[in-house]
Structure formats: structure tokens, C-alpha cells
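Both ligands and their constituent atoms are indexed starting at 1 by order of listing. Note that this is a predicted model, so its numbers are computed, not measured.
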Amino acid sequence: MATDSLGLYVHIPYCVRKCNYCDFCSLPKGAGGVPDDYVDRLCREFLEYSGKAQRPLDTVYFGGGTPSLLSPRQMEKIVESIEEAFKISPSAEITFEANPGTLTREKVNAFYKLGFNRVSLGLQSIHENELKKLGRIHNYEDFLSSYKMLREAGFENISVDLMYGIPYQTKESFAETLRAVIALSPQHISAYGLMVEEDTPFYAERDTLPIPTLDEECDMYGIASQMLAESGFEHYEISNYARRGYRSRHNSLYWNLGEYIGVGAAAHSFFDGVRYSNSDNVDEYLSSRGLNNHGDRESSQDLAYEYAMLRLRLKDGFSLSDYEARFGVSFTVGKEQILERLEREGLLTLTEDRIALTERGFYLSNSILVEIL
Ligand code: SF4
């Protein structure tokens, strides 16, 4: 993806109810759906960008929260406002995140007609006890019927989200989840390790949560890498696997330090070299006016740090000469000994012009990045 690509992120901070591990900006709405006030506020924010983005959007991503809670009428209004404020490239990747249990045939068909061409469907696990403990609103059957509906509506690009390291999970139960999902032939799979975050029900239970040990979790990471590689998925980012040609273009934009505009509560932007963020308090966002232009222009040093950190999440790593041309400094000077040792330990590869983490390095990326950045 070219680094002059531009993305749009739209945050929908509502869910049916809150999962036990979730610290994202999302409010439980029960059967209430997304308030029209929020839709109106989003539309006003898009219009603030009219004429500001000088190039078409290459990606549009609706995340949350649960964007699939929007009604067809609300989504149509939002898409019309986006089209009024921005040009969308004819080949744009347009994704919405969906929670099984919130999709209907009518909704899926309507979203497809509105131009969505990619869906990220949250499954996490096929096992009832694991899903229940996570506090998910759906079971595996709900997922299967949502997946089928999406395929029947014409969606050819579906990503499935999984989790490992969750309560009650075993290596075998995780492998069963992977086997079941692989059999459905999605284009993309994300597998994230559970993080027990503060201010969540899991945090309150952290000392007694029946989660796998770190060694078991490490084995699960290895199981996912191996099973997905054997099934034709490229492990292109620490937690992401894709069939050829189906890497997430929107997330790739983040990892490549590309520019994006974030609209909605808690949304972040990196636009015109400045990072902005909107309030993560939904009421505050609703009552705010205009753009949230309280951003910082980052120093070249900060950008260089971020670039290396994000690019090392990718299998491709980065080109050392590109890095030097971009930031005016060498990445390797002063780090020769550390890099040599990590290479000897099989955690990274270093060629004349490229540095990248290995498959084993991916799992230990947090501690490796601390050492080399
Ligand atoms: S569905 Fe996603 S955003 Fe909503 S509560 Fe669960 S984890 Fe959080």
C-alpha cells in the first residue's frame, strides 16, 4: 500500500452489552441500537472535513463497539454524508465490524448495496463455555448463520476474529476453533491474545480467572501459526493472517504510518502530519462542535520510533535505506551488538537492506522492541 494512501475510520461506540474483557470505548445499549443523535453528530463531523482531504479515500473502516448495530437507514445516512465530504476511490476497501447476533438478512443486503466489500466478524471461539465466560452475546450457531448470510449477500472478503489465552481454553479447544474456522475458508483471520485490562470484570477476577498459563498461551500462538500456514494463510502481521491478496488494507495503512481520519467518539486521526483524537466520553463527543483539532505535530524522532515499532509487527519488516531516507538517521548504528545477538538467537533477520522479526520473534516482540528501540 502506498504511503500516500488515505483511510477513514468511523467509531460506533455502542454494543448490546459489554463483554467481560472489553476496555474499548463502547456503551451497552441493550436492544436500543445506535441513537440517531450519534448518527447526526457523525454526519456533522464528516462535513467538517469537506474539501480538506485532497485525495480519495483508499479505505473506510467502521469499528467499535458494534457497527452492525446501525440500522440500514442510519448506515445509508452515514454513507451519504461520507460521500458528500470525501471522494472514495473506486477500488477502496470498505469494511464494517460485525457481531454475530446483530445481523439480519435485510441489514446485510442493505450494507452490501451501500458499497461495503469487507466484513470483520467477531467469533473469538466456537465453544459455548468460553464464549459465555467472555460475556459474548452470541453462540457458534449465531456466528455460522451470520457468516452464511454474509456470503449469500455477496461478501467475498470476510475476516474472522479469534482469541487465545481465554478462560477455560485448552490447546485442543483452540485448535478445534481454528479447524472449524479454516473449514469455512474466510479470506482473513485475526487471532489476538487476551489482555486482562483494568476497569473490566476480568480485572476484578484476575487472581482466580481460569486462563491458560503463559507457556500454554505461547503454544497456542504456535498452533495458530502452524495450522494457518498449512492452510494457505500468510502470517503477515503478529496477530493477522491472510490469504494471498487479502491483507487488511486499512490496518496496513496504520502499520505503514499512513494517514487516516478518525471520526466519532474516541477516534484518532493522523492527518497532515498531525495526530488528533476525539473525546472518548460519548456524551462529551455528542455535545462537542466542529473538529477536535487538539493535535500534536510529532517530532521526526517520535515518528521514526513509531515507524520502526509498527513496521516490525509486519512479516516484511522495513527497508533500512528507506528508513534512513525518511528520517535522516541510520536504524542500525549503535545497535550492532544487540541486533547481531537477536539474529543469532533466531528472533530477527537482518540483511543488507532489511530488518524483520522471525516467526519466533513475533511472539516475543514486546521484549525485543524494548531492546532495540
Ligand atoms: S462486542 Fe467488542 S466492543 Fe463490544 S463489548 Fe464486546 S469486545 Fe467490546
Check your understanding: Can you name the side-chain contact (heavy atoms from CB on, under 4.5 Å) partners of I137, sequence neighbours left out?
Key -> V16, R17, N99, T102
Practice item. Taking side-chain contact (heavy atoms from CB on, under 4.5 Å) as the test, write out the residues that go with T358, two or more places apart. Key: T349, R360
Check your understanding: Which hydrophobic side chains are connected to V196, either touching it within the sub-4.5 Å cutoff or through other members that do?
Key -> Y21, L134, M163, I166, L194, F202, Y203, L209, I211
Practice item. Report the part of R17 in contact with ligand 1, treating N, CA, C, O as backbone and CB onward as side chain, heavy atoms under 4.0 Å; options are side chain, backbone, both, neither. Key: backbone
Point to revise | Nearby protein N/O/S atoms (those under 2.8 Å) for atom 8 (Fe) of ligand 1, with water ignored | key: C22 SG
**Study point:** Per-atom contacts, ligand 1 versus N99 - under 4.0 Å to a heavy atom
**Key:** 1 (S)
Study note, to complete from the structure: If we number the atoms of ligand 1 from 1 as shown, the ones under 4.0 Å from a heavy atom of R136 are 1 (S), 6 (Fe), 7 (S)
Exercise for review: Answer whether the closest heavy-atom distance between the side chains of E106 and P72 falls below 4.5 Å.
Suggested key: yes
Practice item. First locate atom OG of S173, then atom NE2 of H127, and finally report the distance between them rounded to the nearest 0.5 Å. Key: 4.5 Å
Check your understanding: Counting N and O atoms only, with roles assigned by atom type, does the side chain of Q226 sit under 3.5 Å from a partner on the main chain of G222, one being a donor and the other an acceptor?
Key -> no
Exercise for review: Would you name the heavy atoms of A175 and I223 that are closest together and state the gap between them?
Suggested key: CB-CG2, 4.3 Å
